[in-house]
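Worksheet for the structure shown next.
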Amino acid sequence: MYKDILTAPFLQEMCDTTANLYRLGWDERNGGNISYLLSEEEVKKYLDIAHVERTVPIGFDATALIGKYFIVTGSGKYFKNVKSKPAESLGVIRIAADGRSYELLWGFEDGGVATSELPTHLMNHIQRLEVDPNHRIIMHCHATHVIGMTFTHSLDEVAFTKTLWEMCTECIVVFPDGVGIIPWMVPGTDAIGKASAFKMKDMRLVIWPHHGIFGAGTTMDETFGLIETAEKAAQVYTIVCAQGGKKQTITDQQLQDLADAFGVTPREGILN
Ligand code: 2HA
Ligand code: ZN
């Protein structure tokens, strides 16, 4: 027989992470979304994979992900409530054989559907899997200080990355690839998905100006930690500006020394 899906580690990770993102103030109302690539072996312990509740159109060609399973947050669902209402707030889906729809195997019990940002999530998964076979997670949230910085700092991604690296010593070690920044665009569209996925080729953090941030990673902890580190740097930047600006900083040579000491390669073109 099947084990109770409410006890599944992947479901508990979704509940814990959405609760944390809410607690930190980064996912007000229905803000934010997460998708987590699961193996068929994991899903089979909890669900009859031959039983499909509903089939839902995706609206673009996700052929590269046919047969892949994800647990995803639902459209319009509040991160505040995921822990108390997992079966309404979350869904386990499989990309259908036509590549243009997904099969709902479990969840969204009040008739809901997957996140409005599904195009960006799936396009990002396709892109990240091409560069990292261990890739699993796409996470989006409205990280407060990162959003704030997109009003006051240049949106040039080289300059933005350099500032974040300067704000906390560990940043260059956590995201040596830097951050990508796309132009302001309407969320929920294929166009914003394509623009984000293009950036995800070279980096695991993509900022949507005046909106939020996307992170990609191999585990929930690692992806959360990536966003958390960028957000912390943006918070320090906010404080530094409020205190009247930098009087001294971590130099480019010191950033390079850090990269050397931790064995990471900083993105080309950022350090002088
Ligand atoms: O799901 O965060 O970008 C709500 C959002 C859309
Ligand atoms: Zn958003």
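Everything numeric in this text was worked out from a predicted model, so none of it was measured. For ligands, and for the atoms within them, numbers begin at 1 and follow the listed sequence.
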Using a 4.5 Å cut-off on heavy atoms from C-beta on, say whether the side chain of Met185 contacts that of Trp208. no
Please write down residue, atom name and distance for the protein heavy atom closest to atom 4 (C) of ligand 1. Asn30 O, 3.1 Å
Taking atom types as modelled, is there a side-chain donor on Glu222 or Thr218 under 3.5 Å from an acceptor on the other? yes
Heavy atom of Thr115 under 4.0 Å from ligand 1? no
For Lys162, does the NZ atom sit with more than 12 other heavy atoms under 6.0 Å from it, leaving out its own atoms? yes
I'd like to know if the side chain of Ser154 reaches the main chain of Asp156, judged simply by a donor and an acceptor atom lying under 3.5 Å from each other, with no hydrogens or angles considered. yes
Salt bridge or not for Lys77 and Asp110, using N-O below 4.0 Å? yes
I want to verify a count. Protein N, O or S atoms less than 2.8 Å away from the Zn ion (ligand 2), how many are there? 3
Check for a donor-acceptor pair, side chain of Asn33 on one end and backbone N or O of Thr115 on the other, with a separation under 3.5 Å. no
When you measure from the side chain of Arg204 to the backbone N and O of Ala216, does any donor-acceptor pair fall under 3.5 Å? yes
Contact atoms of ligand 1, heavy-atom distance to His142 under 4.0 Å: 2 (O), 5 (C)
Going hydrophobic residue to hydrophobic residue with side-chain gaps under 4.5 angstrom, can you get from Val72 over to Leu37? yes
What do you reckon, does Trp208 have a nitrogen or oxygen under 3.5 Å from a nitrogen or oxygen of ligand 1? no
List the steps, then state whether salt bridge (Lys or Arg N to Asp or Glu O under 4.0 Å) holds for Glu157 with Arg267. CA-CA 11 Å; Glu157 63 191 23; Arg267 185 173 158 201; 3.0 Å; yes
Determine whether a donor-acceptor pair (N or O, by modelled atom type, separation under 3.5 Å) exists between the side chain of Trp26 and the backbone of Leu24. yes
Here the atoms of ligand 1 under 4.0 Å from any heavy atom belonging to Glu117 are 3 (O), 6 (C)
Would you mind listing which atoms of ligand 1 come within a distance below 4.0 Å of any non-hydrogen atom of His140? 2 (O), 3 (O)
Quick check on contacts: which atoms of ligand 1 are under 4.0 angstrom from a heavy atom of Gly32? 1 (O), 2 (O), 4 (C), 5 (C)
For the 3.5 Å polar cut-off, considering only N or O atoms, please tell me whether Gly31 and ligand 1 meet it. no
What's the shortest distance from atom 5 (C) of ligand 1 to any protein heavy atom, and which residue and atom give it? Asn33 ND2, 3.6 Å
